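If you're wondering where the values come from, they're calculated on a predicted model, not measured in any experiment.
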Amino acid sequence: MSLFWRIFLLNATVILVAMAMLLGPYVTVSRHTRPGEAEVVVAGAAVMLVVNALLVRFFGLAPLNRLSQAMTTADLIRPEARPAVVGSGEVADLTRTFNSMLDRLESERAASSARILSAQEAERQRVARELHDEVGQSLTAVLLQLKHAADQAPTALGEELRLAQETTRGSLDEIRRIARRLRPALLEELGLPSALRALAAEFTMPGLTVRHRIDRGLPPLDQESELVLYRIAQEALTNMARHSAATQAELCLRGGPTGAVELVIGDNGKGIGQAPEGNGMRGMRERALLIGAALSFRAGAEGGTEVRLDVAAVAGSSA
């Protein structure tokens, strides 16, 4: 039974008992209860029950209903405004406790996500080094051996060896491309603008053109913010290339009106519509939370999807 019905039935019981006592032989207003008086008492009790139900529903339990809705819709990945603390008493104390719990959970989740993402970046760098140093060198040695064998083999066999050589060279290029995605060396060596230009060029392919527009003199960002910006841009372009069926996209990095840095990625694809957020989008939200950035997904002005990230500038090396 809900809390509303519990309170209503308790109050109704009190009212009905009082009405029964007034109409009974033990507690009387006059010597004999006239029919008209009984009707007045019954009608008054009915009105009191209706008024009691309305007051309990729309006033007495309204703060609890608001708090219940806030509890139901709370999402640590998408922080929203906390329910307001109204007045004093048990409901206000419960609201304060809930807000404190959310603050603590968000702080703990942010710290946990930071450790997890830091471990992921370290693992990505390790895998990238192994791909580049071990697998890449092995395939390079295979290429040299194939070339040597093709130069000395008969013509027919030499052609097959050269085809194998081209296949191996393509595999080596693919491994190097994967290694670059896992470890953004350009971000460390040349900075965020150059890394984003290279990222846009990497996703430009037949049937898809990714333009870039990167302003000069951007506010400074720290190393962690630059890495988050790069990874979110990478994930957004990956989702676009896989799912949007877009033919054109634009990557824009500019200064915001309040001194922030804005990353905007838009395309002319089919958009996300009513589809639920997948792991990629939730991963982008978690990365944005690490640096206190605001991330939003919305329909573009000309269709498609627009991903927008606003990052507060800090003192540090220039972006």
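Taking all atoms of both residues into account, the shortest heavy-atom contact from Leu263 to Ala233 is CD2-CB, 3.9 Å. In terms of heavy atoms, Leu192 sits closest to Glu226 at CD1-O, 3.8 Å. When every heavy atom of Ile214 is checked against every heavy atom of Pro193, the shortest pair comes out as CD1-O, 3.4 Å. Nearest heavy-atom pair, Gly255 versus Pro219, reported as atom, atom and distance to 0.1 Å: CA-CD, 4.4 Å. Shown here for Met240 and Ala246, the closest heavy-atom pair between the two residues is CG-CB, 4.3 Å. Among all heavy-atom pairs drawn from Leu221 and Ala312, the shortest one is CD2-O, 3.8 Å.
Here the straight-line distance linking atom CG of Leu105 with atom CZ of Phe98 works out to 9.0 Å at 0.5 Å rounding. Going from atom CG of Asn239 over to atom OG1 of Thr305 covers 9.5 Å, rounded to the nearest 0.5 Å. Note that CG of Leu251 and CG of Asp267 are 11.5 Å apart. Values are rounded to the nearest 0.5 Å. Remark: His148 NE2 to Leu146 CG distance equals 11.5 Å, nearest 0.5 Å. Distance check, rounded to the nearest 0.5 Å: CG of Asn268 to OG1 of Thr209 gives 9.5 Å. Atom CG of Leu161 sits about 12.5 Å away from atom NZ of Lys147, to the nearest 0.5 Å.
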- Please report the C-alpha distance between Met284 and Arg287 in whole Å, then the side-chain angles of each, then the deciding distance to 0.1 Å, and finally whether the side-chain contact (heavy atoms from CB on, under 4.5 Å) criterion is met. CA-CA 5 Å; Met284 285 191 279; Arg287 288 185 180 275; 5.7 Å; no
- Query: Is there a side-chain contact (heavy atoms from CB on, under 4.5 Å) between Ile265 and Leu237 once you walk through the steps?
  - Reply: CA-CA 8 Å; Ile265 300 175; Leu237 289 174; 3.9 Å; yes
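The closest side-chain heavy-atom distance from Arg254 to Val264 is below 4.5 Å. Between His212 and Leu196 there is no side-chain heavy-atom pair separated by less than 4.5 Å. A 4.5 Å side-chain heavy-atom check between Val307 and Glu235 finds every atom pair outside the cut-off. Between Val228 and Val311, the closest side-chain pair of non-hydrogen atoms is not below 4.5 Å.
Between Asp173 and Arg169, no side-chain nitrogen of the basic residue sits less than 4.0 Å from a carboxylate oxygen of the acidic one, so the salt-bridge criterion is not met.
Inspection of the Arg231 and Gln234 side chains reveals an N or O donor paired with an N or O acceptor under 3.5 Å.
Leu157 and Leu143 are members of different hydrophobic clusters when ILVMFWY side chains are connected at heavy-atom separations under 4.5 Å. A single hydrophobic cluster is not seen to contain both Leu172 and Val142; linkage of ILVMFWY side chains at heavy-atom distances under 4.5 Å, directly or through other members, places them apart.
Between the side chain of Asp310 and the main chain of Ala294, no donor-acceptor pair closer than 3.5 Å is present. Side-chain atoms of Thr204 come within 3.5 Å of backbone atoms of Val210 as a donor-acceptor pair (strictly under, hydrogens ignored).
Residue Arg96 is tested with Leu94, Asp93, Asn99 for a side-chain contact (heavy atoms from CB on, under 4.5 Å); the sole match is Asp93.
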